[in-house]
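FYI, the numbering just counts along the sequence from 1.
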Amino acid sequence: MLDGSTFVLGDRTGELRSDVEREHGFFSEDTRFISRWSLRVDGKPLELLGFDQQSHFAAQLFLTPTVGPDQPAPCSVMRRRCVDRIWIEEITIVNHEPTRAEMRVELRVDTDFADLFEVKGADAAAREIEWSEDGSSLTFAYQSGTFVRSVAIASSKPAEISRSGMVFALSLERGEQWTVELRVTPHAAQAGVRFAERVLTGSLDDVRRAKQAELDRWLARAPTLEAQDPALARTYSASLTDIAALRLQLDLDQPATLPAAGLPWFMALFGRDSLITSFQALPYLPTLAANTLRVLAARQATTRDDFHEQEPGKILHELRFGELTATGIQPHSPYYGTSDATPLFVVLLDEYHRWTGDDALVRELEPNARAALAWIEDSGDADGDGYVEYERRNQSRGLINQCWKDSWDSMQFADGTLADGPIATCEIQGYVYDARQRGARLAREVWGDEAFADRLENLAKQLKARFHDDYWMAERGCYALALDRDKRQVDSMTSNIGHLLWSGLVSEDRAALIAERLLDAPLYSGWGIRTLSTAEAGYNPLGYHTGTVWPHENSLIASGLARYGHHDAATQIATAILSAAPHFEHRLPEVFAGYPASLTSVPVEFPTASRPQAWAAGAPLMLLTTLLDLQPHTDSASADVPGQIGHIALQR
């Protein structure tokens with residue numbers, strides 16, 4: 001269950017067991033506030049009878065103590081939960097014994113106040129944690145300098161409270177029920193950061209109803225989809241709901257929210273992810289884009305700092321609040337180690353203006369857009385060759401690869417050899433081209449700077465001419481993944497070439513060749529475009545960026561194919577991705593395996609994929625935009641899509 005960066009992860013009986021599943025816990029502000037939450041009745045663990053979770057913020061679990069095969073259940077246990085800045089859990093016990101029964105209900109609780117990076121790496125350090133109780137609540141507290149974390153567990157019923165949790169002694173008649181409400185309230189404080197107060201009034205049902213009403217109002221802003229295929233309608237609804245679940249409010253003085261990247265490891269602001277998700281959702285929920293642009297502009301770098309990899313004009317990669325960041329061990333306060341978020345900022349600003357006509361925001365963010373365009377030309381192109389490259393400057397904690405494929409082994413030659421940086425990936429050059437073209441439009445139509453517009457268009461034209469010469473691999477009929485340190489082509493065939501269509505960087509004739517490559521068997525799995533061709537030495541259907549299928553990337557590629565008039569190819573990819581969604585409860589994951597559809601009857605789950613994940617949730621929205629050929633300032637659109645999807649219509 002989640003409410004922005006506050007979330008609970010446990011097993012399907014409601015247990016949080018960090019000793020077994022390292023990601024279990026109650027998290028907020030990049031800290032694990034509860035690492036153990038285990039319920040026992042008369043010393044017995046609980047078995048699941050039923051589970052109901054109809055929203056991202058609430059759940060009900062129906063359980064009974066473990067008994068032998070011929071023994072009747074002595075009681076029923078119901079756990080109801082809701083998350084809204086704090087975690088509320090209601091536990092109800094119903095006695096099924098023929099006579100009065102004495103029961104001992106034990107809730108075992110623990111915390112480690114681990115940083116999320118420690119939890120992800122399964123190496124949480126031991127901390128000196130204080131505890132206290134006042135007869136109705138148990139409090140844990142930890143402090144290291146100005147970094148303070150505490151959590152209070154308040155009980156509505158009397159309990160025997162100790163360091164290890166709470167014990168309730170019950171005496172129930174047959175059929176009698178007993179209920180206790182527990183409120184788990186995290187508290188965070190640290191130098192230079194303001195956190196929201198976490199006080200909720202009313203019952204669990206009151207909180208749940210208020211949360212549902214807010215969600216309903218938010219979803220009501222989106223257009224209505226009419227779909228012949230009921231699975232598509234469910235996927236559309238799930239996508240909107242997942243984006244709602246991932247909303248963050250970072251600036252306390254502003255109610256504006258923007259999407260976090262994904263559960264569990266990326267419940268934070270990520271520049272690239274928030275920008276692309278906002279782009280995907282523009283025709284449906286345009287306020288996300290405005291919020292994202294403002295929040296990122298407010299944190300745009302103004303100085304150079306190698307530890308945080310910031311340079312004037314650069315848009316951040318990731319913002320964290322955990323202890324490792326607060327104490328300077330991790331650079332995420334924020335961290336700027338990405339080379340694509342900065343051009344994407346300009347791309348989104350222009351696209352937002354195209355859909356909304358909001359001149360005021362474009363004027364407000366003019367200094368930020370100009371600074372981003374200046375970074376592209378200056379720090380982004382450190383060697384002055386006309387391409388934006390990256391090479392990490394923080395050698396201990398920085399990302400090796402600072403493009404969207406930011407895993408360590410993503411930049412491979414066809415023979416599997418890793419490329420050395422500085423690296424200039426092909427898709428980033430596409431983003432730069434697009435940013436300059438779009439920046440020129442804004443300069444001419446909104447900022448009233450014709451000279452700047454002409455200059456940007458000239459730079460874009462020069463980039464396009466050089467790019468075709470330097471990146472084209474005639475023998476493979478596609479563009480190279482990147483140029484390495486020595487300006488050699490990184491010659492593997494990858495999905496990155498599809499981004500070039502989305503950005504408009506390639507010529508019509510070469511776009512046709514790219515379309516062929518994308519739909520050839522080495523790249524196309526039947527469920528979507530793989531990140532790396534099966535013909536490359538490093539291909540792995542379960543490699544994070546070396547053979548898997550990413551729904552968000554496929555939504556960009558389908559849009560690019562349609563841009564160049566390859567509508568059948570775009571429809572094929574869109575249909576493939578949308579047909580995968582029902583296999584994941586209609587909620588597309590971050591990534592799934594690259595096995596061919598001819599081998600598997602279902603898309604195969606990637607073991608550590610985030611779900612919900614923002615740009616995966618945005619993928620069906622962008623695919624619908626492509627299938628419907630949605631254009632700005634239209635109130636409705638419809639299309640008949642071949643195959644199972646059939647007729648679709650969108651009405652605002």
**Message:** Applying side chain to side chain donor-acceptor pair (under 3.5 Å) to D206 and S203, what does each step give before you reach the verdict?
**Reply:** CA-CA 5 Å; D206 292 334; S203 67; 3.2 Å; yes
**Asked** In terms of side-chain heavy atoms, does S38 have a donor or acceptor partner in E15 at a distance below 3.5 Å?
**Response** yes
Do [X] and [Y] come close enough that some side-chain heavy atom pair is under 4.5 Å?
{"X": "M1", "Y": "R81", "value": "yes"}
{"X": "P259", "Y": "L288", "value": "yes"}
{"X": "V295", "Y": "L269", "value": "yes"}
{"X": "H187", "Y": "R198", "value": "no"}
{"X": "L588", "Y": "H552", "value": "no"}
{"X": "I243", "Y": "L621", "value": "yes"}
{"X": "W265", "Y": "V119", "value": "yes"}
{"X": "T608", "Y": "E590", "value": "no"}

**Request:** Go through the steps to decide whether L263 and S610 satisfy the test side-chain contact (heavy atoms from CB on, under 4.5 Å), and finish with yes or no.
**Result:** CA-CA 5 Å; L263 190 75; S610 294; 5.6 Å; no
**Asked** Please walk me through it: do D134 and S137 pass side chain to side chain donor-acceptor pair (under 3.5 Å)?
**Response** CA-CA 6 Å; D134 61 6; S137 64; 2.9 Å; yes
Aromatic ring centroids of [X] and [Y] under 6.0 Å?
{"X": "F26", "Y": "W87", "value": "yes"}
{"X": "H24", "Y": "W37", "value": "no"}
{"X": "F584", "Y": "F592", "value": "yes"}

From [X] atom [atom1] to [Y] atom [atom2], the distance as rounded to the nearest 0.5 Å:
{"X": "L107", "Y": "L138", "atom1": "CG", "atom2": "CG", "result": "9.0 Å"}
{"X": "R40", "Y": "R104", "atom1": "CZ", "atom2": "CZ", "result": "12.5 Å"}
{"X": "E118", "Y": "D30", "atom1": "CD", "atom2": "CG", "result": "12.0 Å"}
{"X": "T241", "Y": "L219", "atom1": "OG1", "atom2": "CG", "result": "5.0 Å"}
{"X": "W178", "Y": "C75", "atom1": "CH2", "atom2": "SG", "result": "11.0 Å"}
{"X": "L204", "Y": "T179", "atom1": "CG", "atom2": "OG1", "result": "11.0 Å"}

Backbone N or O of [Y] within a donor-acceptor pair of the [X] side chain at under 3.5 Å?
{"X": "E89", "Y": "R79", "value": "no"}
{"X": "R174", "Y": "H96", "value": "yes"}
{"X": "E29", "Y": "T31", "value": "no"}
{"X": "N540", "Y": "G547", "value": "no"}

**Prompt:** Cationic tip of R149 within the cone over F113's six-membered ring, i.e. under 6.0 Å and within 45° of the normal?
**Reply:**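 Pair R149/F113 does not count as cation-pi.
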**Prompt:** Do R320's NZ or CZ and the ring of Y335 fall within the cation-pi criteria of under 6.0 Å and 45°?
**Reply:** no
**Prompt:** Counting heavy atoms not belonging to Q54, are there more than 12 under 6.0 Å from its CD?
**Reply:**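 At most 12 heavy atoms, drawn from other residues, nucleotides or ligands, come within 6.0 Å of this atom.
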**Request:** State whether the number of non-hydrogen atoms from other residues, nucleotides or ligands found under 6.0 Å of E585 atom CD is greater than 12.
**Result:** no
**Item:** Heavy-atom pair with the smallest gap, counting every atom of T111 and I129
**Value:**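 The pair with the smallest heavy-atom distance is O-CD1, 3.5 Å.
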**Item:** Residue pair I648 / L232: nearest heavy atoms and the distance that separates them
**Value:**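 That closest heavy-atom pairing would be CG2-CD2, 3.4 Å.
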**Request:** Go through the steps for R108 and E106 under the test salt bridge (Lys or Arg N to Asp or Glu O under 4.0 Å), then give the verdict.
**Result:** CA-CA 6 Å; R108 302 173 185 174; E106 181 182 6; 3.3 Å; yes
**Message:** Is there a side-chain contact (heavy atoms from CB on, under 4.5 Å) between R127 and D112? Walk through the geometry before answering.
**Reply:** CA-CA 7 Å; R127 290 169 170 82; D112 56 8; 5.6 Å; no
**Request:** Walk me through it: do Q330 and T325 pass the test side chain to side chain donor-acceptor pair (under 3.5 Å)?
**Result:** CA-CA 5 Å; Q330 291 284 359; T325 298; over 6 Å; no
**Pair H332-F321, side-chain contact (heavy atoms from CB on, under 4.5 Å): steps then yes or no** = CA-CA 8 Å; H332 301 84; F321 299 103; over 6 Å; no
Does a side-chain N-to-carboxylate-O contact under 4.0 Å join [X] and [Y]?
{"X": "D110", "Y": "R163", "answer": "yes"}
{"X": "D205", "Y": "R80", "answer": "yes"}
{"X": "E605", "Y": "R611", "answer": "no"}
{"X": "R247", "Y": "E214", "answer": "yes"}

**Message:** Among residues at least two apart in sequence or on other chains, which ones pass salt bridge (charged side-chain N to carboxylate O under 4.0 Å, His left out) with D42?
**Reply:**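 None.
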**Item:** For T548, side-chain contact (heavy atoms from CB on, under 4.5 Å) partners two or more places apart
**Value:**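 side-chain contact (heavy atoms from CB on, under 4.5 Å) check on T548 returns T531, W550, V591, F606.
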**Item:** Partner of Y595 by side chain to side chain contact (heavy atoms under 4.5 Å, CB included), out of S525, P603, P541
**Value:**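 It is P541, the one option of S525, P603, P541 that forms the side chain to side chain contact (heavy atoms under 4.5 Å, CB included) with Y595.
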**Asked** Between I91 and L182, is a side-chain contact (heavy atoms from CB on, under 4.5 Å) present by the stated rule, with each step listed?
**Response** CA-CA 8 Å; I91 301 170; L182 302 162; 3.9 Å; yes
**Complete:** The ring-ring contact (aromatic ring centres under 6.0 Å, His included) partners of W218 (sequence neighbours excluded) come to none
